[in-house]
Amino acid sequence: MLVRGLRRLPAVQREVLVFRYMLDASVADTAAALGIAEGTVKSAASRGLDQLRMLLSAEYAEYEDKRVRRVQPR
């Protein structure tokens, strides 16, 4: 689910999230590696997390709906 959500993000947001939260890179290191400003790293991380949260909650709700329908007797 997480990888699918990441793939749906714009490239800069995806790259920033991977550097910051998967590779545990600092804001400065992420900015240097991607060739963008530190402010851009911060805003892309914030927007990316918001969008990823929204995508994952929608996907989880869809998954739960399908799971509940399978479990209920007819």
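Predicted model, so just to flag it, every value in this text is computed and none were measured. No hydrogens, no waters, no symmetry mates; every other heavy atom, side chains included, goes into these values.
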* Asked: Is Val3 linked to Leu23 within one hydrophobic cluster, defined over Ile, Leu, Val, Met, Phe, Trp and Tyr using a side-chain heavy-atom separation of less than 4.5 Å?
  ->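 Different clusters.
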* Would you say Leu52 and Met54 are hydrophobically clustered, going by side-chain heavy atoms of ILVMFWY under 4.5 Å? ->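 Different clusters.
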Let me confirm one number: the [atom1]-[atom2] distance from [X] to [Y], rounded to the nearest 0.5 Å.
X: Arg20; Y: Lys42; atom1: CZ; atom2: NZ; result: 9.0 Å
X: Ile36; Y: Ser43; atom1: CD1; atom2: OG; result: 8.0 Å
X: Asp29; Y: Phe19; atom1: CG; atom2: CZ; result: 9.5 Å
X: Arg7; Y: Arg14; atom1: CZ; atom2: CZ; result: 9.0 Å
X: Ser46; Y: Gln51; atom1: OG; atom2: CD; result: 11.5 Å
X: Thr40; Y: Arg47; atom1: OG1; atom2: CZ; result: 9.0 Å

* Asked: Taking C-beta and beyond as the side chain, do Leu9 and Leu55 meet within less than 4.5 Å on heavy atoms?
  ->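 Contact flag for Leu9/Leu55 side chains = yes.
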* Hey, are the side chains of Leu6 and Met22 touching, using non-hydrogen atoms and a 4.5 Å cut-off? ->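 They are in side-chain contact.
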* **Main-chain N/O of Arg53 paired to Ser57 side chain as donor or acceptor, under 3.5 Å** =>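 Yes.
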* If you look at every heavy atom in Ala44 and Val16, which pair is closest and at what distance? ->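 Taking every non-hydrogen atom into account, CB-CG2, 3.9 Å.
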* To do: Identify the two heavy atoms, one from Ala37 and one from Ala31, that lie closest to each other, and give their separation to 0.1 Å.
  =>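 Closest approach of Ala37 to Ala31: C-CB, 4.0 Å.
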* **Neighbour count >12 (heavy atoms, 6.0 Å) for atom OH, Tyr60** =>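 Open: at most 12 neighbouring heavy atoms sit under 6.0 Å from OH of Tyr60.
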